[in-house]
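Right, one structure below, let's go through it.
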Amino acid sequence: MKVQKIFDSFMGDSIFKDKYVLQSNYTPQTIPHRDKEIEQIASILAPALRQEKTSNLFVYGNTGTGKTLSIQYLKEELLKRKDKSPLRIEYLNCKLRKVADTEYRILAELIKKFGQEVPATGLPTDQVYNKFIEVIEKEKQLIILVLDEIDQIVKKMSDSFLYNLMRINTELSKTQLSVIGISNDVTFLDNIDPRVRSSLSEEEIIFPPYNALQLQDILKNRAEIAFKKSVVGEGVIAKCAAIAAREHGDARRALDLLRVAGELTERDNLNKISLRYIDQANEKIEKDKILTIIETEPKQFQAVLVAIIQLSEKNKERFFTGEVYQVYQDVCKRARMEMLTQRRIGDIISEFDMLGLINASVISKGRYGKTREIRLAISRQIIEKAKKIVNESLGFV
DNA sequence: GTCAATTCACATGAAAGAGACCACGGTCTAGTG
DNA sequence: CTAGACCGTGGTCTCTTTCATGTGAATTGACGA
C-alpha cells in the first residue's frame, strides 16, 4: 500500500534532527553578525535598568535581517536582569491582520497584554484609550513598547495614532513609556508628521542585509542542529545563501529554502540533500506563496485576476487599466456578480502589484492619457494552476 | 522649426455610505418567593 | 422582586461609491525665422 509506505518513511529515519530550528519562529541562542547592532541597542536600552526612560528607537532593515530577533533577544536579557524593578517590555506585531491593524485593535491588544479585556468592537476609541492609560497607570512602571512593522500602522491608518502614542507620556503621571519602532521601509518616515518622526527616531539603527558569507554562517549554525550528520550535501548551504543573498540578504528566505529542500528530499526517501533540491525548493516556495495568495483573495479580486490572465494570454505582454476593466466587466457578467467601479479596480490592481502578482507602473502615454502599464508576474506553470483555482471559485468550468 | 497650450485616460485623495459586528443601557417579561 | 430576553442607540470595521482634483507627455496650433 502506498499510504503505508509514506507513513513508514516518516516513522523511519528522518534526515531532520530538529526541524523546528529552521522555522521562522525559532529563536536561536546566538545571533551571528549582529553584535554591533545589538550592542548599540543595548546601550540605548540600558537606562531602563535604572528606572530611567529610554530614548525612543527606530530600527530599520529589510525583512530577514534579524531586527525582530535582536530585539527579542534584548528583551529577554533585559527582563532577566531587571530584578524587581517594574519594567515591562511588550512586543506587538502591527501587521497581523485582524489582530492589530487598527488603532482600536492595537490598543485592545495592549490592554489584553496588561491583563484586562476589552470587547472586539463597539466601544468608542477614546474610551479604549482611557482604559489603556488607566491600565498602565495602575502602578508605577517603565514600559517599552515594541511595535514591529510599524510602517503598517501609518499605511492603514493615519499617523495620528503614533502622534498620540508619542504624546502619551504627558498624560501619564507615574508610568513612563518608550517606543521601539521596527520597520522594513525607511521611506515611511518621510511621510509622517515631523513631530512624530523626530520623537520616534530619537535613536536610529539600521540593520544592513546579510551578505552571502554571513548567510552561510547562519545556515551552518542552524543546519548543524536541524539535520542529522552528513545530510547536507556539498555546496548546499552555499547555494541557499547565494539565492537568499540575491534577494536582499533575507535570512528567513535562506532558512526556508533549506527546510523545504530537506522536506522534499525526505519525501523522495533520500538521505542527503543535493543541489537540485534547492532549485526545487525555490520553485515550490514561490509557487506556494503565490497560490495561497490567490486562493485566499476575495471574489472580486479573483475576478480581476481572471481578467488580467485572459488579457495576458491573448493580448501579448502589456496592457492597461482600462482594458483590464473592460474584460473584468465581462467576467462579472459571466459569473453573475456585481461590478465594481473602475476607481476600485484601480486600487485592486495596485494591491496585486504590492503582492507581486503583477508588475504595474504608472506611465504617461502623452496625448493618449496616463495609466498603469500592467504585466503578469507569474510564471507559465503557475498560471495554469492559478487559473484552475480562480475559475473554480468563480464557478466557471 | 519652436514653444506653450491642450488633452487624454486615468491616478490619486477625501469623504461618506452600506452592512456587518458589537456594547451598553433601558424596558419588558416571566418566573420566583 | 429579579434574572433574562429584547430592543434601540451609538460605536468600529471593511469594502465601496461618489466627487474632486492632479498629472505627464504626445499632439496641436500659433508664432516667428
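These numbers come from the heavy atoms of this one structure, side chains and all, not from hydrogens, waters or symmetry mates. Protein chains get the first letters and strands the later ones, always in sequence-line order, with residue 1 at the start of each.
- The CZ-P distance, from A:R344 to C:dT14, rounds to 12 Å in whole Å.
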Distances for protein N/O vs nucleotides 22-25 of chain B N/O pairs under 3.5 angstrom?
none

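- Taking atom CD1 on A:I345 and atom C1' on C:dC15, their separation rounds to 12 Å, with Å as the unit.
- In this structure, A:R334 has no salt bridge (Lys or Arg N to Asp or Glu O under 4.0 Å) partners at least two apart in sequence or on a different chain.
- With rounding to the nearest 0.5 Å, the separation of CG in A:L142 from NZ in A:K53 is 8.5 Å.
- For A:Q300 (side chain) and A:E338 (main-chain N/O), a donor-acceptor pair under 3.5 Å exists by modelled atom type.
- By the salt bridge (Lys or Arg N to Asp or Glu O under 4.0 Å) test, A:K284 is found to be paired with A:D288, residues two or more places apart in sequence or in another chain being considered.
- The ring pair (Phe, Tyr, Trp, His ring centres under 6.0 Å) analysis of residues 241-280 of chain A, with sequence neighbours excluded, yields no pairs.
- By the side chain to side chain donor-acceptor pair (under 3.5 Å) test, A:Y91 pairs with A:D148, sequence neighbours left out.
- By the side chain to side chain donor-acceptor pair (under 3.5 Å) test, A:E77 is found to be paired with A:K80, residues two or more places apart in sequence or in another chain being considered.
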Using a cut-off of under 3.5 Å, enumerate the N/O to N/O pairs linking the protein to nucleotides 9-18 of chain B.
| residue | atom | partner | partner atom | Å |
| --- | --- | --- | --- | --- |
| B:dA9 | N3 | A:K370 | N | 3.1 |
| B:dC10 | O5' | A:G322 | N | 3.3 |
| B:dC10 | O4' | A:K370 | O | 3.4 |
| B:dA11 | OP1 | A:T321 | OG1 | 2.7 |
| B:dA11 | OP1 | A:R372 | NH1 | 3.2 |
| B:dT12 | OP2 | A:R372 | NH2 | 2.5 |
| B:dT12 | O4 | A:R343 | NE | 3.3 |
| B:dG13 | N7 | A:R343 | NH2 | 2.7 |
| B:dG13 | O6 | A:R343 | NE | 2.8 |

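- Residues forming a salt bridge (Lys or Arg N to Asp or Glu O under 4.0 Å) with A:D330 (at least two apart in sequence, or on another chain): none.
- Note on A:E137 versus A:K174: no salt bridge recorded, every NZ/NE/NH1/NH2 to OD/OE distance being 4.0 Å or above.
- Side-chain atoms of A:T175 come within 3.5 Å of backbone atoms of A:E139 as a donor-acceptor pair (strictly under, hydrogens ignored).
- Partners of A:Q141 according to the side chain to side chain donor-acceptor pair (under 3.5 Å) rule, which considers only residues two or more places apart in sequence or in another chain, do not exist here.
- Annotation: proximity of residues 290-309 of chain A to DNA chain B (heavy atom, distance under 4.0 Å) is found for no residue.
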Atom pairs, N/O to N/O, protein against nucleotides 3-5 of chain B, distance under 3.5 Å?
none

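- Checked against side chain to side chain donor-acceptor pair (under 3.5 Å), A:N221 has no partners two or more places apart in sequence or in another chain.
- To the nearest 0.5 Å, atom CE of residue A:M337 and atom CD of residue A:Q302 are 8.5 Å apart.
- Taking atom OH on A:Y129 and atom C1' on C:dT12, their separation rounds to 16 Å, with Å as the unit.
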